[in-house]
Every structure is written in structure tokens, then in C-alpha cells.
Amino acid sequence: MSADDFAADAKASEKDVEGVITPVAQQSSSKNSGFTTTRVELWAFYVYYIGNNGLSGFNFGPSQFQNLLYLAGYDPSYPPFTVPCGSDSGCVLPYLGEVRDVNAIVLLTNGISFALQAVVLLTIGAWADYGQWRPNITIFFTLLAVGVSFAWLGVEDASQWKAGVALYILGLIAYQCALTFWTAAFPGLASDLPEVKASAAEASDGTKSSEDHANFESLERNRISNVSFAVCSVGEILILAVMVGILKGLHSDASTENNTKSFSVLIAFAGGVWRTSLDLDVYTHDAEFKLSLTHAVLCALPWFFLEKRRPGLALPPGATLLTVGFKQTYVAFSECWKLKQTFLYLIFYFLMGDVLNTTVTVIGTLQNSVVSYSTLQLTYLLIVGIVTQALGIYLFWVVQKRFNISTKAMLCFNVFWIIILTVWGLIGIHTDKFGFKHVWEIWLYQAYYGLMVCPWYAYSQTMISEVSPLPQMFLFFALFSVIGKTSAFIGPFVSSAIITASGNNDNYPFVFLFILGTLSTVFLYFVDVGKSRIECEAFIAAEAKREAFAMGDTGES
């Protein structure tokens, strides 16, 4: 299709919008899957997120990894391995051919993990869009994440830090991939809601304007996204409360050995929330503590059984499951040039996603050092963070619904507070009085992060659906997932290099993060959701003629 053909389609689509003639996107939405989202299916979707909460792979896994590095490392002011870490002169360890600060090692390993995730998603991410593969992939990565969580029970000594490297990388990959394929169900659930279908029918009949329908569907997407985060937060609070009891029983604060073992037990317990049952016999050097959870919360199973197998796209001619991911990414990138608003948001998402992922990782390494890797204190901190996260997401949603604020406006407000977070860390470059260096700051950070930063995870995902064509929604969700994972390994690599080059000053990466975050807001500012709808309708009309992404019989039952 030539550029002139596409321009002609765009002009024709603009006339349809102006005359409130049935938009192509609405037509596609009304005939998407043939299923209707029930409340039971929707709540199964919400409850799954309680299990895939990130406590094992994203919170305690990294903390245990850094704890093992700290215990295995040595003070660089003395000959190697003669004086253990513990002074203000730092903590280093040989890693990948160079002696590095342990915080730099965490960031570097984090970058390696996200790079591998990008490769995995590039290869199999497209399977979420074609046929009915996605639920099976979600199940696979869920089981893998649970297996990795239990594997941590075999790591309880600093000498096993290399095994910790493998489990840390694998745990992050399993967690993020399970989360990505679960999230990919979100557009289908939203468009199949009975109220959204009724609204689309009204718009098709001319009793409701296309703009009113688009705004209504946008609010419903925001509702699902925000409720899922709120439900997850409430579930996490209950899990963390149980964890406090586990730590008390294990006497985690009695010794370094107990504390290290407790980390692994918490990771296994968090993974066990996904399973039907869990029986653990945990021993400390001075006491036996038996943890029996034969009635663990069944967070994943309802979603595995209740999710409707909505049909995906038919494989393009000449493509196979092994090659379609690379072809899909190429097509999506080439189509983004036509969808200017989508492309602008793609750039913003790439940059700001990198800023936030790296900022949280850097602050996490500083936090672990400040609280001396105490499992009990880290659990208390997470409780504060999760409680404020639930409150923050709820307040954002209430304000948005009350004043009918757009997704973009809410995201802009949220991004401002993310940049303030980088300023907070930046101040600590030349002073020890501020910059995530004190326990009181860490408590304040957890509350701030929950209230003002966590809504990002809801609104950034919803915004993707605001600027993507409905029939190819999975295609663009997959593209954004790959972009998100790609950006997520660049930041840690750069930050690790900055720490090493600055003489192990762990706050220096915030200079890079502040500049990058500020730059990214420029691209978000220029995103026009109204123009995006027109571009998407023109894109759908053009692709319908080309039939590159035709819905069809997948051949699966």
C-alpha cells in the first residue's frame, strides 16, 4: 500500500468521525471475540494478580541476592577477602571479569535479566496474539516462577551467591513474563464487558456519539486496571502480615544466618501463594519451625480455568510460530510510523519505563544497605508501601471518575512525582544528610512510592489501549512489552557503569535518570489521544484492505 493510499484512507476516516458515521474501530470492537466478560471471570483476573504480586521475584528475591553479595564481598580498602563488608568504604566482589561494587553487580545482573526477557518476548511474545496460545504461556511461566521460588530454599549461605545469580535472573524472567501474558488479557476483557458492548451498540445506532462511547470505554479500562491493582494490594497486605508471623517464628533477627535463611523462606512462601498447597519444614540452628499451609490461597487456579479462550489473529501467510514474533515486531514498528501518536507514546514509554524501573532498582539497593538487609524491617517497609499503594491507586481512580479526567492527564500528574523521586536521590550525591541514606527516608519513600508513583503501573498500561487500534491491540501490547523490557536493561547497564566510574557513589545514577525522565515528558506532552483515534481508524481501514492481520479461524477449539 502506497503512502497516497494510506493518506486517502486517513482523510476518508476523518470524514467518518466528523459525521459520526460508524467508526471502523467501533465496528471491530463489536465483533471482536463472541464472548462476554462475566463478573466471575473478571474477579478471577483480579485474584491472579494477588499471586503474581512480585514479592518473590521482584522484592525479596533481589534483596536476598544483594544480601548474599554483601556477605560474600569484602572491604576494598584492604587486600581482597581479608576484611568483610561493614564499613563506609564500600563492599566489592569480582564479577564478570572486574571487581565491582555490590550495588553495581545487582544493577548489571538486573540488566542481563531484562535483556534475556526482551529476547524471550521477541521470540514468543507474538504467541499471545495468534491462535489461543496465551493462556497456556501464562500457566507455564506461572509454574516456572513457583518452581524458582521453592528453589531458593536451597540457598541459605553466602558461599552460594553464584546460585543466587541464576535464581535471581530466572525468577525475574518468570515473574515478568507471567505478568506480561496475564496483562495481555486486559484489552479483551474490557472490550467484552456487557456495558461496553451496550455502549458500542448505542454508538453504532447513532443514539450515542462516538466520542462519548470512546470516553466510556476508556473509563472502563481504567476501572479494570485500577481495581486489579487495588485487589492485589489488599491481598499483598494479608500475605505480608503472615510473613511477619513467619519471621517471628524463625527468629530472623537473632543472627545473620537466621536472617539469610528467612529471606529464602519468604521467597518460597510468596511463590506458594500461587499453589494449591505448601508444606515446609524449616530449621534454624537453635529451633525448629514447621510451616504448614495446606489451605494456601488459590490465586492462579481460578484464572486458569475461568479465562475464556478468546480467538486471536490468524497467522500471516508464510509465517510460523517460530518466525512470527520477529515479523510481528518488524510490522508493528513499521506501522507505528503511520500511527504518529502511538509512536510518540512508544518513545515516552521506552524512556520513562527505563527511568522508573532503574530508579526503583537503585533505591532498592540503597534501601537494603540502609536497613542492613533485615528481613523483618524490609517486610514492615513493604507493608507500608503496599497499604499506601492501595490508597494511592484508589484515590487516583476516585478523582479521575469524579471529575472525568482523561487517562493522559492522570498519567502526566503521576509522571511529575516520578521525576521528583529522581531529584530526591540526586541530592544525595554530595551529602549524607539526604538521598535515601537514612532509615526515616526509607519509610518516607515507601509511603511516597505507594501514594504517588504506583498508579503509573495502571495508567501507563491503560494509555497503551488509548493509542492502539482495537483489532491489533495484542500486537501493540506485545510491542510495548518488548519495548518496556528493552528499555529496562539499558538503564541498569548505564547506572552500573556510572557507579563504577564515579568511584562507587551509588547516588550518581540519579543524574542520568533525572535528565532522561525530564526528556521523556516532552514526548508525552505531544501525544494527542483525539488524533490517535482518527489515525487508528485510518490504519484499520488500510489494514483491512491489505488483510495483513485478518481475524480468522485459528483451527483450535
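Heavy-atom basis, side chains included; hydrogens, waters and symmetry copies ignored. Only a predicted model underlies this, so the values are computations on that prediction, with no experimental measurement involved.
- Between the OH atom in Tyr168 and the CZ atom in Phe65 there is a gap of 6.5 Å [rounded to 0.5 Å].
- A side-chain donor-acceptor contact under 3.5 Å links Asn53 to the backbone of Ile50.
- Across all their heavy atoms, Asn505 and Ile429 have their closest contact at ND2-O, 3.2 Å.
- Taking a 6.0 Å sphere around OH of Tyr394, one finds it holds 12 or fewer heavy atoms contributed by other residues, nucleotides or ligands.
- Here CD1 of Ile419 is found 12.0 Å from CD1 of Ile515. Values are rounded to the nearest 0.5 Å.
- Residues Phe510 and Thr359 form a side-chain contact, since some pair of their non-hydrogen atoms from C-beta on lies under 4.5 Å apart.
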Query raised in the report: Under the side chain to side chain contact (heavy atoms under 4.5 Å, CB included) criterion, do Val355 and Phe512 qualify, and how do the steps go?
Result: CA-CA 9 Å; Val355 169; Phe512 161 71; over 6 Å; no
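- Between Ser460 and Leu411, the closest heavy-atom pair is N-CD1, 3.9 Å.
- Side-chain N or O atoms of Asn258 include one that pairs as donor or acceptor with a backbone N or O of His251 at under 3.5 Å.
- Of the possible polar contacts, none joining the Ser113 side chain to the Thr109 backbone as a donor-acceptor pair under 3.5 Å is found.
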Report task. Under the side-chain hydrogen bond (donor to acceptor under 3.5 Å, both in side chains) rule, what do Thr142 and Tyr48 come out as? Steps first, then yes or no, please. Result -> CA-CA 10 Å; Thr142 299; Tyr48 175 89; 2.6 Å; yes
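- Within the 4.5 Å cutoff, the side chain of Thr518 has heavy atoms near those of the Phe514 side chain.
- Rounded to the nearest 0.5 angstrom, Leu421 CG and Leu356 CG are separated by 8.0 Å.
- Put simply, the side chain of Arg100 gets close to the backbone of Tyr95: a donor and an acceptor are under 3.5 Å apart.
- Between Thr365 and Asp506 there is no side-chain heavy-atom pair separated by less than 4.5 Å.
- At least one donor-acceptor pair under 3.5 Å links the side chain of Ser228 to the backbone N or O of Ser225.
- Not counting sequence neighbours, Lys408 has no partner by the salt bridge (Lys or Arg N to Asp or Glu O under 4.0 Å) test.
- The two residues Gly271 and Ser56 have their closest heavy-atom pair at N-CB, 4.2 Å.
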Report task. Applying side chain to side chain contact (heavy atoms under 4.5 Å, CB included), run through Tyr459 and Asn414 and close with a yes or a no. Result -> CA-CA 9 Å; Tyr459 286 106; Asn414 175 238; 5.5 Å; no
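- Ala270 approaches Leu55 most closely through the heavy-atom pair CB-CB, 3.9 Å.
- Atom CG of residue Asn507 and atom OG1 of residue Thr422 lie 12.0 Å apart, to the nearest 0.5 angstrom.
- Put simply, the side chain of Gln367 never gets that close to the backbone of Gln446: no donor and acceptor are under 3.5 Å apart.
- Note on residues 427-441: pairs passing side-chain hydrogen bond (donor to acceptor under 3.5 Å, both in side chains), not counting sequence neighbours, are Trp424-Glu441, Asp432-Lys437.
- In this structure, the ring of Phe348 has its center no less than 6.0 angstrom from the ring center of Tyr525.
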Query raised in the report: Is there a side chain to side chain contact (heavy atoms under 4.5 Å, CB included) between Gln389 and Ile386 once you walk through the steps?
Result: CA-CA 5 Å; Gln389 171 182 296; Ile386 300 304; 4.0 Å; yes
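- Here Gln377 contributes atom CD and Ile442 contributes atom CD1; the two are 9.5 Å apart, rounded to the nearest 0.5 Å.
- Minimum interatomic distance between Tyr74 and Phe81 (heavy atoms only, all atoms of both residues): CG-N, 3.3 Å.
- There is no side-chain donor-acceptor pair under 3.5 Å between Glu156 and Ser264.
- For the residue pair Gly57 and Pro62, the shortest heavy atom distance occurs at O-CD, 3.3 Å.
- Side-chain contact between Tyr349 and Val467: absent, with no pair of heavy atoms (C-beta onward) separated by less than 4.5 Å.
- Ring pair Phe436/Tyr445 is perpendicular by interplanar angle, where above 60° counts as perpendicular and below 30° as parallel.
- Under the disulfide bond (SG atoms under 2.5 Å apart) criterion, Cys232 pairs with no residue, sequence neighbours left out.
- Contact check for Cys177 versus Val120: side-chain heavy atoms found under the 4.5 Å cut-off.
- Exactly one residue among Val106, Thr358, Asn103, Leu108 makes a side chain to side chain contact (heavy atoms under 4.5 Å, CB included) with Ser495. That residue is Thr358.
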**Report entry** Worked check of ring pair (Phe, Tyr, Trp, His ring centres under 6.0 Å) between Tyr373 and Phe263
**Finding:** CA-CA 9 Å; Tyr373 307 96; Phe263 263 127; 7.6 Å; no
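- The shortest distance between side-chain heavy atoms of Met243 and Val265 does not fall below 4.5 Å.
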Requested in this report: Could you go through the side chain to side chain contact (heavy atoms under 4.5 Å, CB included) check for Leu378 and Asn368 one step at a time?
Outcome: CA-CA 8 Å; Leu378 285 171; Asn368 292 332; 3.6 Å; yes
Query - Verdict with supporting geometry, Gln176 and Thr180, side-chain hydrogen bond (donor to acceptor under 3.5 Å, both in side chains) - result: CA-CA 6 Å; Gln176 292 285 0; Thr180 296; 5.2 Å; no
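- Looking only at side-chain heavy atoms (C-beta outward), Tyr448 and Trp417 come within less than 4.5 Å of each other.
- Distance check: Thr183 OG1 to Leu179 CG gives 4.0 Å after rounding to the nearest 0.5 Å.
- At a threshold of 4.5 Å between non-hydrogen side-chain atoms, the residues Ile499 and Pro509 count as touching.
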Query raised in the report: Does the pair Trp182 and Phe45 meet the rule for a ring pair (Phe, Tyr, Trp, His ring centres under 6.0 Å), with working shown?
Result: CA-CA 8 Å; Trp182 167 80; Phe45 177 79; 4.4 Å; yes
